[in-house]
Amino acid sequence: MEQPATALTYNVSQGAPPKHMVWVPSGTFLMGSNDFYPEERPAHRVTVDGFWMDEHPVTNAEFLRFVKVTGYRTVAERAPNPDDYPDVDPALLVPGSLVFRHPQQRVSLRHYQNWWAYVPGACWNHPEGAGSTLHGRDCHPVVHIASEDAEAYARWAGKALPTEAEWEFAARGGLEGAAFVWGDEFAPQGRMLANTWQGEFPWQNLRTDGYEGTSPVGTFPCNGYGLYDMAGNVWEWTSDFFTPRHPEEVAKACCIPRNPRVMSSAQSYAFDHPSSHIPRKVLKGGSHLCAPNYCLRYRPAARQGQAIDSSACHIGFRCILQMTTGTIEDR
């Protein structure tokens, strides 16, 4: 397994701020929530140091530059290792990824197979499967990205993936305890502020926000730090392994965790899942497939554990850069 990318440092006095990145100041905030899903609990104070963050998710055009320079092939473009899937017919282990299939009528929410399908040939530049293209989607977030794909891009760019704490702090944009990136009301005066699912998932998509799938980055308003798409559009990888709950709140301010990381995969396994032997990392932000009746996770506190070898049509990423000393090449 490839090691996580380590953030390089950047001395802003040596030149202009990093291109297409915004500064997220240091601070202490209430991470998590006691009001929604169990894995978001308990809310607890965390301190993070300041860092630069990509102003939007990595786009198809940006990922294409990476691939052209490095020749990198994503996890979805490689045949799965039969040793990792001993109960699966090796003939079925072909390159591909998960693609959303829109049912035409109401279906049971207990079986994700009603709307997800493993599609041979689906990958970042063939998002719906073999024969599909990225035509007209240069500025959309790249999708079908597994954890090691995001880490490989980050290393190439001289950056890193954010920790879960860094991602959530940045998403809040200075709004302490707000339910959403922009406040506590989902659609103020009826205005859609993120690319999410409107209607009854997974069969009824009203497209009130104007989009069926992903949307161009920056389509919706930025948050208080100038970051776009911190809610909806695509889920984003972090560097932390998933845990089923957050640590408890500390009793004294002097003991508030600073720049916490979850480096151990011990608690991350989904023991009730066929891929229970694959560790999971934290995804943040929700996606265009998140709906109130199924996945109310387009909120800064929301989190999801995703097997590190998994990719899908709604999973992307963005990077960070720490600022102390040093330089990076402008890519």
Item to check | Trace of the ring pair (Phe, Tyr, Trp, His ring centres under 6.0 Å) decision for Phe317 with Tyr153 | outcome: CA-CA 10 Å; Phe317 71 105; Tyr153 178 97; 5.3 Å; yes
Looking at residues at least two apart in the chain, or sitting in another chain, which of them share a salt bridge (charged side-chain N to carboxylate O under 4.0 Å, His left out) with [X]?
X      : answer
Arg137 : Glu128
Glu248 : Arg245
Arg258 : Asp49
Arg207 : Glu212

Shared hydrophobic cluster, [X] / [Y] (ILVMFWY, side-chain heavy atoms < 4.5 Å):
X      : Y      : answer
Trp23  : Tyr228 : no
Trp237 : Val67  : yes
Leu289 : Trp115 : yes

Indicate the atoms forming the closest heavy-atom contact of [X] with [Y], along with that distance.
X      : Y      : result
Thr214 : Cys313 : CG2-O, 4.5 Å
Pro127 : Ala122 : O-CB, 4.4 Å
Ala79  : Pro95  : N-CG, 3.6 Å
Pro18  : Leu321 : CG-CD2, 3.7 Å

How long is the straight-line distance from [atom2] of [Y] back to [atom1] of [X], given to the nearest 0.5 Å?
X      : Y      : atom1 : atom2 : value
Asn125 : Leu134 : CG    : CG    : 6.0 Å
Trp167 : Leu227 : CH2   : CG    : 9.0 Å
Asn195 : Asp209 : CG    : CG    : 4.5 Å

Item to check | Check: Ser311/His144 side-chain N/O donor and acceptor closer than 3.5 Å | outcome: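 No.
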Checklist entry - So, Asp149 and Tyr72: side-chain donor and acceptor under 3.5 Å apart, yes or no? => result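 Yes.
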Next on the checklist: Once side-chain contact (heavy atoms from CB on, under 4.5 Å) is applied, do any residues pair with Pro82, and if so which ones, sequence neighbours excluded?
Outcome noted: Leu93
Item to check | Residue pair Thr163, Ser239: steps toward the side-chain hydrogen bond (donor to acceptor under 3.5 Å, both in side chains) verdict | outcome: CA-CA 5 Å; Thr163 65; Ser239 62; 5.5 Å; no
Hydrophobic cluster mates of [X], side-chain heavy atoms under 4.5 angstrom, ILVMFWY only, any path?
X      : result
Val99  : Val119
Ile256 : Val250
Val282 : Phe242

Checklist entry - Would you find a donor on one side and an acceptor on the other, under 3.5 Å apart, between the side chain of Ser265 and the backbone of Ser268? => result no
Checklist entry - Going by the angle between their ring planes, with limits at 30° and 60°, are Tyr294 and Phe201 parallel, tilted or perpendicular? => result parallel
Checklist entry - Should Ile145 and Phe63 count as side-chain neighbours, where that means a heavy-atom distance under 4.5 Å? => result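 Yes. Closest side-chain heavy atoms under 4.5 Å.
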Next on the checklist: Quick check on ring pair (Phe, Tyr, Trp, His ring centres under 6.0 Å): which of His111, His102, His314 does Trp116 satisfy it with?
Outcome noted: His314
Checklist entry - Excluding sequence neighbours, so at least two apart, what forms side chain to side chain donor-acceptor pair (under 3.5 Å) with Asp54? => result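 Scan of Asp54 (side chain to side chain donor-acceptor pair (under 3.5 Å), adjacent residues dropped) gives Lys159.
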Item to check | Candidate list Arg261, Lys281, Arg303, test salt bridge (Lys or Arg N to Asp or Glu O under 4.0 Å), partner Glu164, passing option | outcome: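 Single salt bridge (Lys or Arg N to Asp or Glu O under 4.0 Å) partner of Glu164 among Arg261, Lys281, Arg303: Arg303.
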Item to check | Trp197 vs Ser287, side chain to side chain contact (heavy atoms under 4.5 Å, CB included): CA-CA, chis, key distance, verdict | outcome: CA-CA 8 Å; Trp197 185 284; Ser287 80; over 6 Å; no
Checklist entry - Stepwise, does the side chain to side chain contact (heavy atoms under 4.5 Å, CB included) test hold for Val46 with Thr28? => result CA-CA 5 Å; Val46 167; Thr28 298; over 6 Å; no
Item to check | salt bridge (Lys or Arg N to Asp or Glu O under 4.0 Å) partners of residues 22-45, not counting sequence neighbours, each pair once | outcome: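 Applying salt bridge (Lys or Arg N to Asp or Glu O under 4.0 Å) to every pair that reaches into residues 22-45, excluding sequence neighbours, yields Glu39-Arg297, Glu40-Arg299, Arg45-Glu249.
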Checklist entry - Tell me the salt bridge (Lys or Arg N to Asp or Glu O under 4.0 Å) pairs involving residues 222-236, sequence neighbours left out? => result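 Salt bridge (Lys or Arg N to Asp or Glu O under 4.0 Å) check on residues 222-236 returns Glu236-Arg318.
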Enumerate, atom names and distances included, each donor-acceptor pair closer than 3.5 Å involving a side-chain atom of residues 182-189, sequence neighbours excluded.
unit_1	atom_1	unit_2	atom_2	d
Trp182	NE1	Glu185	O	2.8
Trp182	NE1	Phe186	O	3.3
Asp184	OD1	Ala179	N	2.8

Next on the checklist: For Arg172 and Glu176: C-alpha separation, side-chain torsions, deciding distance, then whether salt bridge (Lys or Arg N to Asp or Glu O under 4.0 Å) applies.
Outcome noted: CA-CA 7 Å; Arg172 292 185 179 278; Glu176 179 69 22; over 6 Å; no
Next on the checklist: With side chain to side chain contact (heavy atoms under 4.5 Å, CB included) as the criterion, how do Met53 and Met230 come out once you've worked through the C-alpha distance, each side chain's angles and the decisive distance to 0.1 Å?
Outcome noted: CA-CA 11 Å; Met53 191 175 220; Met230 298 301 283; 4.1 Å; yes
